Visitor: 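I'd like to ask some things about the structure below.
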Amino acid sequence: MSGASPVTTAPADRRAARKAAFAAAVSTSLEWYDFFIYATAAALVFNKTFFATGSEVVAALNSFATVAVGFIARPIGGIVSGHFGDKYGRKPVLVIAILLMGIATTLIGLVPNTSITWLAPALLVLLRICQGLAVGAQWGGSVLLATEYAPANRRGFYGSFAQLGIPIGVVVGNAVFLVVADVVSPEAFLSWGWRIPFWISLFMLVVAFAIHRYLEETPEFQQVEAKLAAAPTQRRSPIIEVLRHNSGTVLMAAGTYLVGIVMFYITITGSIQVATTNLGIARSDVLMIVLIAAGVLVPMVPLTAYLSDLYGRKLIYGIGIVGMGLWAVPMWLLVGASSPQNIGPLAVALIVSCLVMSFQTGPQAALFAELFPPEIRYSGASLGYQAAAILGGMAPMAMVALINGEVANLWRVGLLIAALAVAALACLLVLARRR
């Protein structure tokens, strides 16, 4: 079962497919907005408030450690949600994930500035774990909502709408931080202004209700339900089935994505830390560059996904891996050449980084879904995607440790990404042979 046949799709009208794709895009945008604003706050605020020490490096490491906690929780969310999503449906699990994320993110905005030194960090870690569980559960639900409604020859394109939530979440999150930072004073921003982006996530409760009220279960899951209802003795634990028969596919899928998730978080989050702390570039300038760079992904993700419908998932996905590997070292040399008076190299570095990443991000939803049969697809796709998150979430910490406060060491980060790209390409070739 390690090489599943391509996904088969029940007849579904285009209107339902478009509605499902739109719901996937909205839900993932808000979900990733919530997940990313924590990383932005960790780079800009938490290292100066809750985790402030006499050393900037130690403060940054402590702050980014709580970011990594969310990534460690993501595979757990993927395992639990995959089990229930394959047994009881994509939609209810997705709704629960959205509710959990909205509530946890809002509560982060309410964490008090307290003289009890351990209390705020402990609350942040607890709520970050909830965020990780939620995003681990949500990704698979949104991807399958989009791909299992999609026409068979456009599954890459429709699936990319779930992936669009990643850049949209970054763009909206950075835009909100930019507006808040521009409206309030630097002192007020560190005191209470940073909380406003977290309170906005209450809107997710409305999205959860809308999906619950207006969307039906996916056609493919309805087919699985009908088949299992006719032969109930065939119903087994989805996650055990994945681990028993598809563990190699899960590991190879995770291996292909590891370079992408490391590249993404170092680009989107790590660059903020380096540019503001090590290079002295203004916070607003860095946030604007990250916003523009992430904005490049918005048109590129559906375009590269569409290309995967025409020319094959693995070809387009592989172009993204090769592109990231080739750009990794030049990117960080450009970052090191930037300064408060010359932010152009930083802009080029991040924009091109997002451009090459889009070739992996676009076809990823359909590629991972097509690796597994419908009855274990939520478990398999989620586990493959979220397993890479464990190491990916530690990327900003690894970046800080590799640089060690010295701009001259930035090339080391690029070398790490290039090595991961080589490993990812090898994993993709193994997947191609398995098929």
Side-chain angles (χ1 to χ4, degrees), residues 36 39-40 42-44 47 56-57 60-61 63-64 67-68 71 166-167 170 174 257-283 285-297 300 319-361 388 391-425:
F36 289 145
T40 303
L44 294 177
N47 58 331
E56 289 182 344
V57 173
L61 285 172
S63 185
F64 281 138
V67 176
F71 287 86
I166 300 173
V170 174
N174 279 278
Y257 181 47
L258 186 56
V259 62
I261 196 169
V262 169
M263 182 82 157
F264 183 82
Y265 281 100
I266 287 181
T267 298
I268 298 300
T269 302
S271 64
I272 298 176
Q273 162 70 21
V274 170
T276 56
T277 302
N278 302 107
L279 301 177
I281 300 175
R283 178 180 58 206
D285 290 340
V286 179
L287 288 175
M288 181 58 71
I289 291 173
V290 171
L291 188 153
I292 294 170
V296 170
L297 285 165
M300 287 299 299
I319 290 173
I321 293 174
V322 173
M324 285 185 280
L326 294 176
W327 182 243
V329 173
M331 169 189 171
W332 285 98
L333 293 177
L334 283 172
V335 171
S338 307
S339 67
Q341 296 76 33
N342 183 20
I343 62 174
L346 177 65
V348 172
L350 301 193
I351 289 171
V352 176
S353 174
C354 288
L355 181 67
V356 296
M357 274 192 288
S358 69
F359 284 84
Q360 184 181 69
T361 305
L391 294 177
M394 299 178 184
M397 293 176 60
M399 179 204 70
V400 172
L402 286 171
I403 296 171
N404 195 28
E406 298 291 335
V407 175
N409 294 334
L410 284 172
W411 64 270
R412 297 176 179 176
V413 183
L415 198 61
L416 169 65
I417 295 171
L420 290 174
V422 173
L425 196 59

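Nothing fancy with the numbering, it's 1 onward along the sequence. If you're wondering where the values come from, they're calculated on a predicted model, not measured in any experiment. All values below come from the heavy atoms of this structure, side chains included, with hydrogens, waters and symmetry mates left out.
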Visitor: Which pair of non-hydrogen atoms, one from Pro167 and one from Leu297, has the smallest distance, and what is that distance?
Guide: CB-CB, 3.4 Å
Visitor: Assess the residue pair Phe71 and Ile261 against the criterion (side chain to side chain contact (heavy atoms under 4.5 Å, CB included)); give the C-alpha distance rounded to whole Å, side-chain angles, the decisive distance to 0.1 Å, and a yes or no.
Guide: CA-CA 11 Å; Phe71 287 86; Ile261 196 169; 4.2 Å; yes
Visitor: Side chain to side chain contact (heavy atoms under 4.5 Å, CB included) for Val290 and Ser271? Distances and angles first, verdict last.
Guide: CA-CA 8 Å; Val290 171; Ser271 64; 4.0 Å; yes
Visitor: Which value, rounded to the nearest 0.5 Å, describes the distance between Leu420 atom CG and Leu258 atom CG?
Guide: 5.0 Å
Visitor: Hey, does Met324 have a side-chain heavy atom less than 4.5 Å from the side chain of Phe359?
Guide: no
Visitor: Could you tell me which non-hydrogen atom of Val286 sits nearest to which non-hydrogen atom of Ala275, and how far apart they are?
Guide: CG2-CB, 3.5 Å
Visitor: Please confirm whether the backbone N or O of Leu355 pairs with a side-chain atom of Ser358, one donor and one acceptor, at under 3.5 Å?
Guide: yes
Visitor: Is there side-chain contact between Asn409 and Arg412, with heavy atoms separated by less than 4.5 Å?
Guide: yes
Visitor: Can you tell me how far the CZ atom of Arg283 sits from the CE atom of Met288, to the nearest 0.5 Å?
Guide: 13.0 Å
Visitor: Could you measure the distance from the CD1 atom of Ile289 to the CD1 atom of Ile281? Nearest 0.5 Å is fine.
Guide: 6.5 Å
Visitor: Taking only distance into account, with no hydrogens and no angle test, what donor-acceptor pairs under 3.5 Å do side-chain atoms of residues 339-354 form with protein atoms, sequence neighbours excluded?
Guide:
| from | atom 1 | to | atom 2 | distance (Å) |
| --- | --- | --- | --- | --- |
| Ser339 | OG | Gln341 | N | 3.4 |
| Ser339 | OG | Asn342 | N | 3.1 |
| Ser353 | OG | Thr267 | OG1 | 2.9 |

Visitor: Between Ser63 and Ala42, what is the shortest heavy-atom contact and its length?
Guide: OG-O, 2.7 Å
Visitor: Under 4.5 Å between any side-chain heavy atoms of Asn174 and Ile272, yes or no?
Guide: yes
Visitor: For the ring pair Phe36 and Tyr265, is the centre-to-centre distance below 6.0 Å?
Guide: yes
Visitor: What distance do Thr276 atom OG1 and Leu287 atom CG have between them, rounded to the nearest 0.5 Å?
Guide: 8.5 Å
Visitor: Nearest 0.5 angstrom please: Gln273 CD to Leu61 CG, how far?
Guide: 8.5 Å
Visitor: Looking at Met399 and Trp332, what are the two nearest heavy atoms and their distance?
Guide: SD-CH2, 4.1 Å
Visitor: Hey, mind stepping through Trp327 and Val322 against side chain to side chain contact (heavy atoms under 4.5 Å, CB included) and telling me if it holds?
Guide: CA-CA 9 Å; Trp327 182 243; Val322 173; over 6 Å; no
Visitor: Please find the pair of heavy atoms, one from Leu415 and one from Val329, that lie closest to each other, and give the distance.
Guide: N-CG2, 3.8 Å
Visitor: Which atom pair, heavy atoms only, marks the closest approach of Ala294 to Val170?
Guide: CB-CG1, 3.5 Å
Visitor: Can you measure from CG (Leu326) to CD1 (Ile417) and round to the nearest 0.5 angstrom?
Guide: 12.5 Å
Visitor: Are the side chains of Met263 and Gln360 in touch, meaning some heavy atoms are under 4.5 Å apart?
Guide: no
